[in-house]
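The analysis underlying the following values was restricted to heavy atoms, covering all of them including side chains, and did not include hydrogens, waters or symmetry mates. Within every chain, numbering begins at 1; the chains are lettered A, B, ... in the order of the sequence lines, protein sequences first and strands thereafter.
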2 protein chains.
Amino acid sequence: MKTHTESEENYIKALYHLGGEQPVSNGDLAQRVGAKGSSVTQAVKRLGQKDLVNVVPYKGVQLTPKGIRLAKSILRKHRLWETFLVDKLGFGWDEVHPLAEQLEHIQSEELVDRLFQFLGSPKHDPHGDPIPERDGQMPPVLGQPIGAFTAGAEIRIVRVEDAGSEFFDQLDTMNINLGNTYEIRTISAFDASVELGSPTGSFWLSQSMCANIYAVQS
Amino acid sequence: MKTHTESEENYIKALYHLGGEQPVSNGDLAQRVGAKGSSVTQAVKRLGQKDLVNVVPYKGVQLTPKGIRLAKSILRKHRLWETFLVDKLGFGWDEVHPLAEQLEHIQSEELVDRLFQFLGSPKHDPHGDPIPERDGQMPPVLGQPIGAFTAGAEIRIVRVEDAGSEFFDQLDTMNINLGNTYEIRTISAFDASVELGSPTGSFWLSQSMCANIYAVQS
DNA sequence: CTTTTATTTTAGGCAAAGCTAAAAATTATC
DNA sequence: GATAATTTTTAGCTTTGCCTAAAATAAAAG
Ligand SMILES: [Mn+2]
Ligand SMILES: [Mn+2]
Ligand SMILES: [Mn+2]
Ligand SMILES: [Mn+2]
């Protein structure tokens with residue numbers, strides 16, 4: 001049960017985010033971790049020696065099974081900490097990501113298990129993203145983009161994509177939260193914007209807002 | 001509000017632990033951080049450049065006011081996290097120190113403030129050690145060693161020194177916890193061991209156990 | 001199928017943090 | 001006060017992780 005540096009873990013996380021189990025290009029990885037390509041070449045060489053990735057020069061980098069396991073365990077910690085910060089400490093869902101990026105590197109199986117219990121064995125984090133299970137299984141990725149429903153449908157918001165702080169601000173000012181339910185009133189044939197109705201009135205959501213908000217029929 | 005590396009923070013913490021505001025020798029510091037003297041010489045030079053310590057070659061290293069502020073803020077985080085781990089996650093008080101050594105390096109004022117509130121604004125950690133206030137003030141260091149009381153006194157355990165895991169195991173098997181109250185029955189003139197009485201019976205504590213257990217009259 | 005463009009790797013540096021071994025300074029001893 | 005023992009510093013090396021600039025390779029365009 002070796003231990004990894006923060007940098008290593010960030011590369012693994014980036015690889016999982018970009019490609020999942022598929023190979024990722026040097027350039028994309030460099031962009032994601034915020035380093036230069038040359039640094040990435042070196043870094044993945046180190047990861048390769050630890051059997052966390054397979055590197056094919058000029059072709060791409062791919063997580064090994066071991067790398068995937070590590071990626072999921074970091075993601076699990078990230079999302080559990082986000083849940084803690086929102087549910088227990090009262091942070092806004094737009095504030096917790098940078099903090100979770102620090103907390104996700106704390107190493108202790110025991111701590112993760114206890115945190116998980118303390119939070120009531122959650123399956124999804126404050127943004128609706130699935131929290132990997134202890135054994136690596138992934139709960140379902142919930143919902144479809146709002147635009148995918150048809151007029152008349154009753155929907156419940158179950159997930160939002162992290163589309164930056166302005167997006168979260170907009171959700172905030174419109175009072176849109178996970179769990180909210182609406183009726184789909186209209187879907188514009190012109191610009192794909194959507195009119196949502198609730199007991200208290202109705203309002204329009206732009207196409208780009210809709211694209212980042214996921215819901216299920218309720 | 002610059003940010004510090006984990007190594008830097010560990011040196012600062014070690015300096016505060018060893019000398020408080022007083023100078024500390026290279027050797028003592030090396031021993032405490034688990035590095036060689038030569039590494040320490042280098043490290044404190046770097047800390048000096050950041051105005052966290054004053055170095056007098058061959059003489060010793062001393063925290064600056066800025067260094068003291070940092071030391072206290074790390075200690076605050078350490079002890080708040082220990083409180084969280086014990087009070088909220090149900091860890092034993094003998095298990096939390098290594099975890100807190102990781103968590104103490106998480107950087108976020110906001111997180112510390114919210115954690116503090118969440119825990120009910122505690123003044124002391126699970127071992128009875130004072131938690132520095134937001135502004136650097138220190139709550140009182142509680143209690144006197146058990147041997148300092150006189151026979152007949154009613155006492156309450158308020159603090160234990162971290163004297164290693166065997167010490168904690170011993171406390172555990174003897175069922176001794178913070179908050180417990182006893183009567184001092186006897187203090188041996190021969191070996192300074194102490195007989196404590198409780199409603200359920202009485203038992204003897206060796207001198208070296210007593211030296212690490214602090215109590216107040218109750 | 002060349003040539004141009006874009007991507008990736010190499011080569012060479014730098015800073016943080018550690019190490020060992022040798023030199024220098026301090027402290028203790030006779 | 002000179003010498004021996006201890007402590008501290010210097011010098012030189014290592015690894016991680018990042019950088020820039022140049023060389024090599026792959027992909028796109030003609
Ligand atoms: Mn996140
Ligand atoms: Mn991270
Ligand atoms: Mn502790
Ligand atoms: Mn530490």
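For the pair A:Thr186 (side chain) and A:Ser188 (backbone), a donor-acceptor distance under 3.5 Å is absent.
Sorted by first then second residue, the salt bridge (charged side-chain N to carboxylate O under 4.0 Å, His left out) pairs that include residues 6-16 of chain B, not counting sequence neighbours, are B:Glu8-B:Lys50, B:Lys13-B:Glu101, B:Lys13-B:Glu104.
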Between B:His78 and B:His97, does a ring-ring contact (aromatic ring centres under 6.0 Å, His included) hold up when you go through it step by step?
CA-CA 8 Å; B:His78 182 102; B:His97 186 78; 4.7 Å; yes
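The NZ atom of B:Lys123 lies 11.0 Å from the CG atom of B:Leu142; values are rounded to the nearest 0.5 Å. Rounding to the nearest 0.5 Å places CG of B:Leu18 at 9.0 Å from CD of B:Gln31. For the atom pair CG (A:Asp94) and OG (A:Ser165), the distance works out to 8.0 Å, reported to the nearest 0.5 Å. Within the model, atoms CG of A:Asn26 and OG1 of A:Thr41 stand 4.0 Å from one another, a figure rounded to the nearest 0.5 Å.
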Below 3.5 Å between N/O atoms, which protein atoms pair up with nucleotides 2-7 of chain D? Just atom names and distances, please.
none

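The number of heavy-atom neighbours closer than 6.0 Å to CD of B:Gln117, taken from other residues, nucleotides and ligands shown, is 12 or below.
Not counting sequence neighbours, the partners of B:Arg114 by the salt bridge (charged side-chain N to carboxylate O under 4.0 Å, His left out) test are B:Glu110.
Extent of DNA chain C lying under 4.0 Å from chain A heavy atoms, first and last nucleotide in 5' to 3' order, is C:dT8 to C:dT10.
A:Ser7 and A:Asn10 form no side-chain donor-acceptor contact under 3.5 Å, judged by distance and modelled atom types alone.
The stretch residues 36-53 of chain B comes close to DNA chain C through B:Lys36, B:Ser38, B:Ser39, B:Gln42, B:Arg46, each having a heavy atom under 4.0 Å from the strand. Taking every heavy atom of residues 6-16 of chain A and every atom of DNA chain D, pairs under 4.0 Å involve A:Ser7, A:Tyr11, by number.
Remark: A:Lys88 is positioned above the aromatic ring of A:Phe118, its terminal NZ or CZ atom under 6.0 angstrom from the ring centre and at most 45 degrees off the axis. B:Arg46 forms no cation-pi arrangement with B:Tyr11, by the criterion of a distance under 6.0 Å to the ring centre and an angle within 45° of the ring axis.
For the pair A:Ala35 and B:Asp28, nearest-nucleotide mapping onto DNA chain D gives the more 5' position to B:Asp28.
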